[in-house]
Number of protein chains: 2
Amino acid sequence: MSTIGDVAKHAGVSRSTVSYALSGKRAISEETRARIERAIAELGFTPNAGARALKTAETMVLGLMLEFHADEFAPAMLQYVLPVSQAARELGYDILMVTDPDGPKAVHRIADSDMVDGIVLLDVTAADPRLPSLRAVRKPAALIGLPSDTAGLDIVDLDFGEAARMLVDHLQALGHREIVLISPPHHVVERGGSYVWRFRDGAIERAARYGLQIHAYYGESRQPAIRRSVEAILDAHPAATGLIVHNDATVAALPTILRDRGVGVPDDLSVVSLYSRDFGEEFSLPFTAVESAADDLGRHAVAQLVRRITRSPDAGPPVVRFVPPVISDRGSTRHRRR
Amino acid sequence: MSTIGDVAKHAGVSRSTVSYALSGKRAISEETRARIERAIAELGFTPNAGARALKTAETMVLGLMLEFHADEFAPAMLQYVLPVSQAARELGYDILMVTDPDGPKAVHRIADSDMVDGIVLLDVTAADPRLPSLRAVRKPAALIGLPSDTAGLDIVDLDFGEAARMLVDHLQALGHREIVLISPPHHVVERGGSYVWRFRDGAIERAARYGLQIHAYYGESRQPAIRRSVEAILDAHPAATGLIVHNDATVAALPTILRDRGVGVPDDLSVVSLYSRDFGEEFSLPFTAVESAADDLGRHAVAQLVRRITRSPDAGPPVVRFVPPVISDRGSTRHRRR
DNA sequence: CTTCATCGTCGAACCGGTTCGAAAGCCCTG
DNA sequence: CAGGGCTTTCGAACCGGTTCGACGATGAAG
């Protein structure tokens, strides 16, 4: 590769002149600029990113940290990756994707070595072990997912409590009096996935307010356990007419399971859920659902992060944003019979 | 952040001594090393990646290029991302994930600016537009997917022709005489996805050799078109007893469709397919299938790439590796009746 | 006809590492 | 006890950019 020195020599100017021609930070005569541009084209020059980063202290790279847990459902997390990547590129940033199983160490690795200008954290849990590291390093960050201590952090997440209330409202309005809720697997709660109980508590409280009977369970994330658990739950509550599924793996398997049982939707059972539009299309899911808006969350996190990076002093106080849920009616519910 | 100069001052030695203590490239006395290590710990020093890359011309970052086509099935591609990322990390590399819709430009951007030491290309097509750029830049690369011109490139891909032959053999051995094949959507062929015709040709030739009747179709990638196409294809061939599905989106939707038609597997229809173990688990797919081994391909590509990077002169000639298929019997086939 | 901005360019310093050559201190040998 | 070899450490150069201060040329103002 050619360097800025080669270009300077080729154009008969100094290195600094080439640099200014590139950045436009000082005036350069039309004639010189043309010579430099020709030299750049002829030599195929592209500035060395490391050298530039060294001096400017800006890498134009964002870290994207995500962990894959063996017993989890990968497609759900991957939904966020693409929007984040695209949003970043539109703002001039590349994405360093880190899937290191040791999250805290990885945070230090990419931040302390100044490989990135900022960090997006995916699937943040209540007492996320990455947060102490994140606070220790001096890099802006944006989280997708709600930790219990939000101090000083930019956070965006779906308003899961409100989502649950909307779905309960929906069933209540149709006259259902006994409903079942399937949450994510219990080990997600143990790991501190706060969206589980935010949704769960929201649903239970709302149901209580209406005097609805609600049976709340934790589901599974893998076959064949999924089928077994759904069967057992449905068997236990033959009178329930509404089902709320807050569990990606379960909802993906649900059409098959219900068909096998001969349960018609919505005639025998009204089903509502929570997933993103893309997810629903990929798995051909026909359920009325709250859109989880992975796109929105990803784009918002990146935008907020870049704002923090570019005007670090006056980007304002940290913001915790709960994206309001939107319900999308796909006809999988109907008025309760009788 | 503290620099190597701060560490040096704190430990009362020169910068070069710290550097040698870190790299171990020259002997350092036990006592000095201890002082330096203490200083590093106290200051929390981590070397600046950009500065290091500038001098060593090694970034310890690999580019991972993937494109998402709006009308395609995202989970299939994402299967490769995680194994690549993990394999890279095990070898000491981080991943710069690039999803830029303008692939060729992106190749130049990350390669010419020396942001990466090498590049992994996913989902390579016959006349992949990224290849000219890739050959122009002076960076090692590893491809997953087979282009028509393989000159000078390290390539790994599943042996799709052999996979097809194995599946045809499997059905033939069970006595099936009339079978149906559903390939990926036709636009994938137009885009140059060579795995489509490698599989298709392999199946057709093999069937011809046995005198099997085979009806080959291109499927769809999105609902509701998937269901319509499957219905139409099955309606057109009521006597067919075997079905080969080489189409991720279709196979994911297939259990539901067949159930709705009242078609029992394997009693009414023997079904075989091609997908990865993870994919099968995520979608709860019960079909006998060739394992597509996304893990293997990803890990192999990274390993080969790193070999190229670290011993560039003598890493040997480019290798094109076809991973042999492995069939995994899940009981979705049976001997033809009558 | 000086004086003073302004414009366009240059040279040098700097960012934070790595690495080469040399030097200082020590021990051993003849 | 002078000379040679080791071990350990240092200073300086270098990687490829950016940026600051300065300088010569030009034109306008006094």
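Atoms considered below: every heavy atom in the structure, side chains included; atoms not considered: hydrogens, waters and symmetry mates. None of these values were measured; they are calculated from a predicted model.
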B/R109 with B/D100: basic N within carboxylate O range, under 4.0 Å: yes

SB check A/K139 A/D114 (cutoff 4.0 Å): yes

From NZ of B/K55 over to C1' of C/dT18, roughly how many Å is that when rounded to an integer? 6 Å

Is any side-chain N or O of A/T17 closer than 4.0 Å to OP1 or OP2 of C/dC10? yes

Measuring from the side chain of A/S19 (C-beta onward, heavy atoms only), which nucleotide among D/dT19, D/dG17, D/dA22 has the closest atom? D/dT19

Toward the 5' end of DNA chain D, which comes first, B/A51 or B/V13, by nearest nucleotide? B/V13

B/K25 side chain near C/dT18 phosphate (N/O to OP1/OP2, under 4.0 Å): no

Expressed as a whole number of angstroms, how long is the span from A/M60:CE to D/dG17:C1'? 16 Å

As a quick check of understanding, evaluate salt bridge (Lys or Arg N to Asp or Glu O under 4.0 Å) for A/E90 and A/R299, giving each step before the final call. CA-CA 10 Å; A/E90 281 160 25; A/R299 304 194 81 81; 2.6 Å; yes

For B/T32 and D/dT8, is the shortest distance between a side-chain N/O and OP1 or OP2 below 4.0 Å? no

Is B/S16 close enough to C/dC20 that one of its side-chain N or O atoms is under 4.0 Å from OP1 or OP2 there? no

Between C1' on C/dC15 and CD on A/E58, what's the gap in Å once rounded to a whole number? 14 Å

Between C/dC7 atom P and A/E30 atom CD, what is the distance in whole Å? 15 Å

Taking only the side-chain heavy atoms of B/F45 (C-beta and beyond), determine which of C/dT9, C/dC15, C/dG17 contains the nearest atom. C/dG17

Starting from C1' on C/dG8, measure out to CZ on A/R35 and report it in whole angstrom. 12 Å

Indicate, with a heavy-atom threshold strictly under 4.0 Å, whether A/T3 touches base, sugar-phosphate, or nothing. sugar-phosphate

Give the rounded distance in Å between these two atoms: CG of A/L22 and P of D/dT18. 7 Å

Any salt bridge between B/R308 and B/D117, counting N to O under 4.0 Å? no

With distance as the sole criterion, do the side chain of A/R15 and the base of D/dG17 form a donor-acceptor contact below 3.5 Å? yes

The nucleotide from D/dG17, C/dG16, D/dT9 with an atom nearest the side chain of A/I4 is D/dG17

Spacing between B/I28 atom CD1 and C/dG25 atom C1', to the nearest angstrom: 15 Å

Counting only side-chain nitrogens and oxygens, does B/R52 get under 4.0 Å of the OP1 or OP2 atom of C/dT18? yes

Just the rounded figure in Å: distance from C1' of C/dC10 to NZ of A/K9. 16 Å

Of the candidate nucleotides D/dT18, D/dC15, C/dC20, which contains the atom at the shortest distance from the side chain of B/Y20? C/dC20

Please classify the nucleic acid contact of B/S14 as base, sugar-phosphate, or nothing, using heavy-atom distances under 4.0 Å. base

Verify, without hydrogens or angle tests, whether A/S19 (side chain) and A/R15 (backbone) share a donor-acceptor contact under 3.5 angstrom. no

Assess whether one donor atom and one acceptor atom, taken from the side chain of B/R26 and the base of D/dT7, lie less than 3.5 Å apart. no

Between B/D154 and B/Q304, is there a donor-acceptor pair closer than 3.5 Å when you use the side chain of the first and the backbone of the second? no

